[in-house]
Number of protein chains: 2
Amino acid sequence: MSSQSEVPELSERAQCLLKALTERYIREGQPVGSRTLARDAGLKLSPATVRNVIADLEEMGLVSSPHTSAGRVPTVQGYRLFVDTLLSVKPLDESVVEEIRVNLDAEHDARELVESASGLLSDVTRLAGVVTLPRREHAALERVEFLPLSDRKVLAVLVINDKEVQNSILHTDRNYSAGELQQYSNFLNEQFAGREIQEVRERLVTELRETREHLDRMMRTALDMADQVLGEAEQGSDYVLAGQTNLMQFDELCNVTTLRQLFEAFDEKRQILKLLDQCVESEHLQIFIGEESGYQILDECSLVTAPYTVDGRVLGVLGVIGPTRMAYERVIPIVDATARILSAALNPKE
Amino acid sequence: MSSQSEVPELSERAQCLLKALTERYIREGQPVGSRTLARDAGLKLSPATVRNVIADLEEMGLVSSPHTSAGRVPTVQGYRLFVDTLLSVKPLDESVVEEIRVNLDAEHDARELVESASGLLSDVTRLAGVVTLPRREHAALERVEFLPLSDRKVLAVLVINDKEVQNSILHTDRNYSAGELQQYSNFLNEQFAGREIQEVRERLVTELRETREHLDRMMRTALDMADQVLGEAEQGSDYVLAGQTNLMQFDELCNVTTLRQLFEAFDEKRQILKLLDQCVESEHLQIFIGEESGYQILDECSLVTAPYTVDGRVLGVLGVIGPTRMAYERVIPIVDATARILSAALNPKE
DNA sequence: CTTTAGCACTCCTTTTCAATGAGTGCTAAC
DNA sequence: GTTAGCACTCATTGAAAAGGAGTGCTAAAG
């Protein structure tokens, strides 16, 4: 009769106890019993009363006990409720904001910023920080340059968004002179500078197909090269992770096998990346608790993410990975602030 | 009377037993007792006899027992002797060589090659692979290009050794036009292309100091910029590590604290880097066993390294880090081969 | 003189068992 | 509705006992 979504509204007191229980468990990492909770919650209730309430919470699937005579621990649903409605987010300490800001000034290029960000997140939260690299799809192509290297190789330099630079070495069918290459890049820059990469690519393909025969050799080569470079520029979807070792301090992850799987997942990247990609869709801070992520490896972990943007456009996400019992009230504002500061640093207008 | 170096030459039989013991311990990870050893060594001896010999070895500090009634385990000195004189290196499986070769073809730039190398080492040995980035000091500067970005920023592209590219964004005092920058790079290329970076830098400094007043504005700016870029190019001493998780499968490292320290040391980099730098000095394969490395963090680990070279000049080292009881007879030829193949891939002459 | 069998001894590991204690659920009284 | 009381469960702890792997020594055999 009652579905998952129909929460049989919790009494004030039940909420208070769930909150106290969750907070305590997050702090201590131990199942919390009725006596402790009665003391902890501030309500003047006896352990027995507390037990009654907790029994209800258990029936609702918000808490569970690891075994018969242990205290209670929040379930995933419990954490969810806690995070969604009970949590009082700590306002962020100004010194922390300052630390983030100092480390993410606009003096660096996009890649460097992103890497600092993950390091920062891990330092400040003492958890694992993770940041996806900026998406390139909507990036504007600022400039292309070709430089001849010896031996039928050409260096292509791509300037994207005035912030980010990418080079790739092209293997060509013959040697090109500097002058020749200059011509190509001039041509491409005239045609395409300032456009979005995706658009550029599409136009390249069309032009190549439609007018291949009529183009002179130069055009053709230029387009070919550009296509090669842009192909590389587009693919690189990846993320940066920092502070894995921070996770080792949590007992619940200390089972070496668990830890190993987790770390291997970080190496594997693909699964985590898929999850992070989902987060890009949302425009707000998101929290995955335990199994909610849908990835078994993160069963005992939570993920807090926020997207970062330039010009109101989501470029990627950053966040932290930690045990389900992470200090959400601290982590959430940090992730939030970092995302905003990173966005600011990436924004071209200073 | 007898110093460390004066090895009281081991009898044939003692050597054989030490070898068998070490091999067995490497394989099984358990202290090996006299009964097992008697069976294992192939010599037709009773456990009692073996015990006598082993007692001698223990007195010499080559083996030790974790506690009274356990078997014996090689000490660092034991491993050292084993590695230096007892070890019969397995000839490398051709398929492995092929795998390495395929993954390190010359199609990639130096940085990519180096990263693949560490991944490969970790895959093939199932340990942690580590490679230092190529030293730049003796690298020849092939080309410099400057491109204007918006907002008083200039992109400098450095081509080094025809293989490696480095860019950095310079913050300048005003905006420069493309033409201006072109002039600067032309000037620099004429003057310095093909020279070693260090030399270039020295000359830059001298010229700046001696003739500062007499140089026209252009020269001065060009030299300033070049100096900025080269400064960055020189510093980047670092290494790439892959396959940390492989180390988790070894019991002796499974103490979470040990593991954590180790992983943190990898993050810290500096200590490991110092050690690796020492290895660059040697022109041959080197092995540090346990405490020999002088770094406490690697107490329970060994490090096998080999330098890689271009034109007979050592550019960096690669190797693997694993528990002291790693399978040296397999690891050594792999490290050796990888170093040679990487050298070949980096060598400009194809 | 070397090798080996025998044996007592050490000490780690595993198992067993009881004691402890935290915490629960239920019932009955307030 | 709240609470005290109580029986019950079950992880944890520690001690004691059993088991076993391996040693060192001694004395006999080769």
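Just so you know, these numbers come straight off a predicted model, no measurement behind them. Below, read A as the first sequence line, B as the second, and so on, with proteins coming before strands; counting in each chain starts at 1.
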* Strand contacts (DNA chain D) in residues 19-48 of chain B, 4.0 angstrom heavy-atom criterion -> B/Gly33, B/Ser34
* **A/Lys19 charged N/C atom sitting above A/Phe82 aromatic ring, 6.0 Å / 45°** => no
* Which residues share a side chain to side chain contact (heavy atoms under 4.5 Å, CB included) with B/Ser69, sequence neighbours left out -> B/His67
* To do: Under the side chain to side chain contact (heavy atoms under 4.5 Å, CB included) rule, collect the residues that match up with A/Gln296, sequence neighbours excluded.
  => A/Asp299
Going by the rule side chain to side chain donor-acceptor pair (under 3.5 Å), which residues pair with [X] if we only count those two or more places apart in sequence or in a different chain?
X	result
A/Asn52	none
B/Ser302	B/Tyr328
A/Arg80	A/Asp84, A/Glu292

* To do: Determine which pairs satisfy salt bridge (charged side-chain N to carboxylate O under 4.0 Å, His left out) with at least one residue from residues 62-75 of chain B, sequence neighbours left out, and list them in order.
  => B/Glu58-B/Arg72
* Mind jotting down which residue pairs meet the salt bridge (charged side-chain N to carboxylate O under 4.0 Å, His left out) criterion with at least one end in residues 244-262 of chain B? Sequence neighbours excluded, please. => B/Glu252-B/Arg325, B/Arg260-B/Glu264
* To do: Return yes when atom NZ of A/Lys269 has more than 12 non-hydrogen atoms of other residues, nucleotides or ligands closer than 6.0 Å, and no otherwise.
  => yes
* Spell out, as yes or no, whether a donor-acceptor pair under 3.5 Å connects the side chain of A/Thr75 to the backbone of A/Gly61. => yes
* Structure fact -> Axis-to-axis angle for the helix from C/dC1-D/dG30 to C/dC30-D/dG1, ends of five pairs each, to 10°, equals 20°
* Terminal contacting nucleotides, 5' and 3', DNA chain C versus chain A (heavy atom, 4.0 Å) -> C/dA22 to C/dG25
* Asked: Any idea which heavy atoms bring B/Ile54 and B/Val63 closest together, and the distance?
  -> O-CG2, 4.1 Å
In residues 34-44 of chain A, what donor-acceptor pairs under 3.5 Å come from side-chain atoms, sequence neighbours left out?
from    : atom 1 : to      : atom 2 : distance (Å)
A/Ser34 : OG     : A/Arg51 : NH1    : 3.1
A/Asp40 : OD1    : A/Arg24 : NH1    : 3.1

* Summarise protein proximity over nucleotides 11-21 of chain D in one line of letters, 5' to 3': B for base, S for sugar-phosphate only, - for none, counting protein heavy atoms closer than 4.0 Å. => S---------B
* Specify the separation, in whole Å, of atom CG of A/Asn52 and atom C1' of D/dT2. => 9 Å
